[in-house]
2 protein chains.
Amino acid sequence: MGSTGVGLREVAERSGFSKSSHFHHFSSKEELYFEVLSRVHARIEKSLAPVFEAESDPALQLRSWVEALIDALAEHQTTARLLLRGLFEDNDWVPERIPARAQAESTLDSIPAKARGIVQRGVVEGVYRNVSVPHTLQSLVGATVYHFASGEIGEALLGGSIFSSEEVQRRKQEMTQLFDFGLARKSKS
Amino acid sequence: MGSTGVGLREVAERSGFSKSSHFHHFSSKEELYFEVLSRVHARIEKSLAPVFEAESDPALQLRSWVEALIDALAEHQTTARLLLRGLFEDNDWVPERIPARAQAESTLDSIPAKARGIVQRGVVEGVYRNVSVPHTLQSLVGATVYHFASGEIGEALLGGSIFSSEEVQRRKQEMTQLFDFGLARKSKS
DNA sequence: GTCTATAGTGAGATAGAC
DNA sequence: GTCTATCTCACTATAGAC
């Protein structure tokens, strides 16, 4: 399938190995693809792990989570796009023959699953409004991943590179403030 | 190019016409693809048009914009995915031979451009914090488009269909509240 | 304007020498 | 483990009958 977005020709050019060499390490192109995807997912999960080491105020912890996610997506220009590409996969694959696929999926699923706990706790402890936890996660992930995948469209809007350190810093600030204020319980005052 | 995500074989099956028949209406598969994409963009733009007919309070107008965008994306299950797919196109195409491409792009660009005015006005008039206008647009678009493109991942999180009328309604509520509170200037109290 | 048949191209994958 | 050569197949596109 060509639905990975990259052909073996291009893989061969960039890796320096011939096309056929890859078939001695992976039984198919799809397996290679999922191996790559799996490592990307694992890297992101690893970047987020420190956030969960200690429980603190949910709002602070969510802020750390957002900043860690942004750092992970900003590290390589391809990461966010690979992540989104994963959503569009035609699930016509035969799962048995691609063990790396299950690995990639379970790691991916664990990312929002762990963040879920933070938002949940924020609602229960009353620091957040009574927001929908899944919708909030969708907004968090969507606003972050889309931004770093938006390419030319995003750069046209920003008027500069999405990945410059100033803009990455700016993104963290805008995101954390948006969700700090947007999720906070209204003060009774 | 197969980067459209769909082959002519599948197009033929679903349209009821043979593969070759399409070449009498479109000079290439790419032109057909951009014709489809262009109509999707035009439909979204048309859905958003009423929002700009009268200037009102920026916060109310942005709320209308979000709700209209959500309605447009919720109408067909493929819309949000088509939109995102557009971001990933390898721009190896020869622009001269595909007039529909320019059409699709200009319509797409006009969507955030028009919304930009609303957020801008909100900041200038002081109903919003001094947020970054482009980052806010990225968050708005990202949180909306990603959600309706998220497919199985989103449904696993929600525990049900993304496109059910209850969940669409819920999405509107969560999004409008998030941005109402998230962008609002802090009251001095 | 639609069809069948087919050409041309490039993809993923295999065989076998080194 | 990597290579060259080759196979097979699906895809885009064309030719020409109806």
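To find a chain, count down the sequence lines: A is the first, B the second, and so on, and within it residues start at 1. Keep in mind that the numbers below use all heavy atoms, side chains included, and drop hydrogens, waters and symmetry copies.
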- Query: Is any side-chain N of the basic residue among B:Glu166 and B:Arg170 closer than 4.0 Å to the acidic one's carboxylate O?
  - Reply: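 No, no charged N to carboxylate O under 4.0 Å.
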- Less than 4.0 Å between a side-chain N and a carboxylate O, is that true for A:Arg101 and A:Glu30? no
- Task: Compute both the distance and the angle, then confirm whether A:Lys186 meets the cation-pi test with B:Phe181: under 6.0 Å from the six-membered ring centre, within 45 degrees of the axis.
- Result: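 No, A:Lys186 and B:Phe181 do not form such a contact.
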- Message: Judged by each residue's nearest nucleotide on DNA chain C, which is more toward the 5′ side, A:Ser27 or A:Arg9?
- Response: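 Mapping each residue to its closest nucleotide by heavy atoms, the 5'-most match is A:Arg9.
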Rounded to whole angstrom units, what separation is found between the [atom1] atom of [X] and the [atom2] atom of [N]?
X       : N      : atom1 : atom2 : answer
A:His22 : C:dT14 : NE2   : P     : 15 Å
A:Phe23 : C:dA13 : CZ    : P     : 4 Å
B:Tyr33 : D:dC11 : OH    : P     : 18 Å
B:Leu8  : D:dT12 : CG    : P     : 4 Å
A:Lys29 : D:dT8  : NZ    : C1'   : 17 Å
B:Glu31 : D:dT12 : CD    : P     : 15 Å

- Message: Determine whether the aromatic ring centres of residues A:Phe163 and A:Phe148 are separated by less than 6.0 angstrom.
- Response: yes
- Message: What's the separation between atom CG in B:Leu137 and atom CD1 in A:Ile153, rounded to the nearest 0.5 Å?
- Response: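 One gets 12.5 Å once the value is rounded to the nearest 0.5 Å.
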Using the 3.5 Å cut-off, write out each protein N or O paired with an N or O of nucleotides 2-9 of chain C and the distance between them.
{"unit_1": "C:dT2", "atom_1": "OP2", "unit_2": "B:His25", "atom_2": "NE2", "d": "2.7"}
{"unit_1": "C:dC3", "atom_1": "OP2", "unit_2": "B:Ser18", "atom_2": "N", "d": "2.7"}
{"unit_1": "C:dC3", "atom_1": "OP2", "unit_2": "B:Ser18", "atom_2": "OG", "d": "3.2"}
{"unit_1": "C:dC3", "atom_1": "OP2", "unit_2": "B:Ser21", "atom_2": "OG", "d": "2.4"}
{"unit_1": "C:dT4", "atom_1": "O4", "unit_2": "B:Ser20", "atom_2": "OG", "d": "2.7"}

- Message: Using only atom types and a distance under 3.5 Å, with no angle test, would you say the side chain of A:Glu167 pairs donor to acceptor with the backbone of A:Ser161?
- Response: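 Checking the backbone N and O of A:Ser161 against the side chain of A:Glu167, no donor-acceptor pair under 3.5 Å is found.
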